[in-house]
Student: 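What follows is a single structure, and I will ask about it in a moment.
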Amino acid sequence: KMGKTLRNYSKTYVTPRRPYEKERLDAELKLIGEFGLKNKREIYRVHMIVSALRKKARELLTLPEKDTRRIFEGSALLRRLHRIGVLDASKTKLDYILAIKETDFLRRRLQTQVFNMGMAISVHHARVLIRQR
């Protein structure tokens with residue numbers, strides 16, 4: 001092979017601006033315990049996804065209600081969130097996207113689903129079961 005493979009990689013997480021904020025650290029630790037996460041990066045990744053969704057929803061909400069871009073992109077965004085199970089099918093307004101929390105995404109993880117179905121003793125056990133097939 002000759003030459004380099006040219007590929008643009010984008011970061012999947014963003015670290016917090018203030019690394020030692022007590023309230024945030026405590027909240028993160030609570031989330032890690034509740035959902036059996038491996039590290040803080042898993043929280044930061046979900047946080048980035050939620051903030052991007054909310055940013056897009058805010059941008060679309062500034063457009064007039066009959067705007068074609070708002071209708072088209074808004075419905076696509078809502079459809080995607082319904083499909084992955086973050087939003088209920090009854091919630092069909094962009095305002096509901098602004099109310100989404102990180103926990104809504106964390107609840108949809110396979111690890112949490114396995115634990116909630118009763119297949120594992122704990123969330124940590126669920127992670128082990130998934131890893132071992």
Student: For the hydrophobic clusters of this structure (ILVMFWY residues joined by side-chain heavy atoms under 4.5 Å, transitively), does one cluster hold both Ile130 and Phe115?
Tutor: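 No, Ile130 does not connect to Phe115 through the hydrophobic network.
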Student: What do the steps show when you test Leu37 against Arg109 for side-chain contact (heavy atoms from CB on, under 4.5 Å), and what is the final call?
Tutor: CA-CA 10 Å; Leu37 304 177; Arg109 294 172 79 236; 3.1 Å; yes
Student: In Å and rounded to the nearest 0.5 Å, what is the CE to CD1 distance from Met48 to Ile43?
Tutor: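 Between atom CE of Met48 and atom CD1 of Ile43 there are 16.0 Å.
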Student: Please tabulate, for side-chain N and O atoms in residues 7-20, each donor-acceptor pair with protein atoms closer than 3.5 Å (sequence neighbours left out).
Tutor:
none

Student: For the backbone of Ser90 and the side chain of His82, can you confirm whether one donor and one acceptor N or O come within less than 3.5 Å of each other?
Tutor: no
Student: If hydrophobic clusters are built from ILVMFWY residues whose side chains come within less than 4.5 Å, do Phe105 and Leu110 share one?
Tutor: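 No, Phe105 does not connect to Leu110 through the hydrophobic network.
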Student: Shortest non-hydrogen contact from Ala57 to Ile97?
Tutor: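 Answer, listing the atom of Ala57 first, then Ile97: CB-CG2, 3.7 Å.
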Student: Among Arg107, Lys101, Arg108, find the one that has a salt bridge (Lys or Arg N to Asp or Glu O under 4.0 Å) with Asp104.
Tutor: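 Result: among Arg107, Lys101, Arg108, Arg107 is the only option passing the salt bridge (Lys or Arg N to Asp or Glu O under 4.0 Å) with Asp104.
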Student: Between Thr92 and Leu78, is there a donor-acceptor pair closer than 3.5 Å when you use the side chain of the first and the backbone of the second?
Tutor: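 Looks like no, no N/O pair under 3.5 Å.
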Student: Salt-bridge test for Glu102 and Arg24: reply yes if a basic N is under 4.0 Å from a carboxylate O, no otherwise.
Tutor: no
Student: Is there a side-chain contact between Phe35 and Val123 in this structure, where contact means two heavy atoms from C-beta onward sitting under 4.5 Å apart?
Tutor: no
Student: Do Asp95 and Leu61 come close enough that some side-chain heavy atom pair is under 4.5 Å?
Tutor: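 Heavy-atom side-chain distance check passes, below 4.5 Å.
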Student: Given the rule in the side-chain contact (heavy atoms from CB on, under 4.5 Å) test, do Val128 and Arg131 qualify, once you have shown the distances and angles that lead to the verdict?
Tutor: CA-CA 5 Å; Val128 171; Arg131 187 76 180 90; 5.6 Å; no
Student: When you check the gap from the basic side-chain N to the acidic O, do Glu42 and Lys38 get nearer than 4.0 Å?
Tutor: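 Salt bridge absent between Glu42 and Lys38.
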Student: As a quick check of understanding, evaluate side-chain contact (heavy atoms from CB on, under 4.5 Å) for Gln113 and Met119, giving each step before the final call.
Tutor: CA-CA 9 Å; Gln113 295 295 317; Met119 296 166 77; over 6 Å; no
Student: Could you go through Thr103 and Val46, starting from their C-alpha distance and side-chain angles, then the distance that decides it, and tell me whether this counts as side-chain contact (heavy atoms from CB on, under 4.5 Å)?
Tutor: CA-CA 9 Å; Thr103 52; Val46 173; over 6 Å; no
Student: Do the side chain of Gln111 and the main chain of Gly36 share a donor and acceptor less than 3.5 angstrom apart?
Tutor: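 Yes; judged by distance alone, with no hydrogens or angles, the pair exists.
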Student: Under a 4.5 Å side-chain heavy-atom rule over Ile, Leu, Val, Met, Phe, Trp and Tyr, are Tyr96 and Leu106 clustered together?
Tutor: yes
Student: One thing to verify: whether Asp26 and Lys30 come together as a salt bridge, which I'm taking to mean a side-chain N less than 4.0 angstrom from a carboxylate O.
Tutor: no
Student: Return the minimal non-hydrogen interatomic distance between Leu94 and Gly74, and the atom names on each side.
Tutor: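 What the structure gives for the nearest pair is CD2-CA, 3.8 Å.
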Student: Heavy-atom count around Ile121 CD1 within 6.0 Å, excluding the residue itself: above 12?
Tutor: no
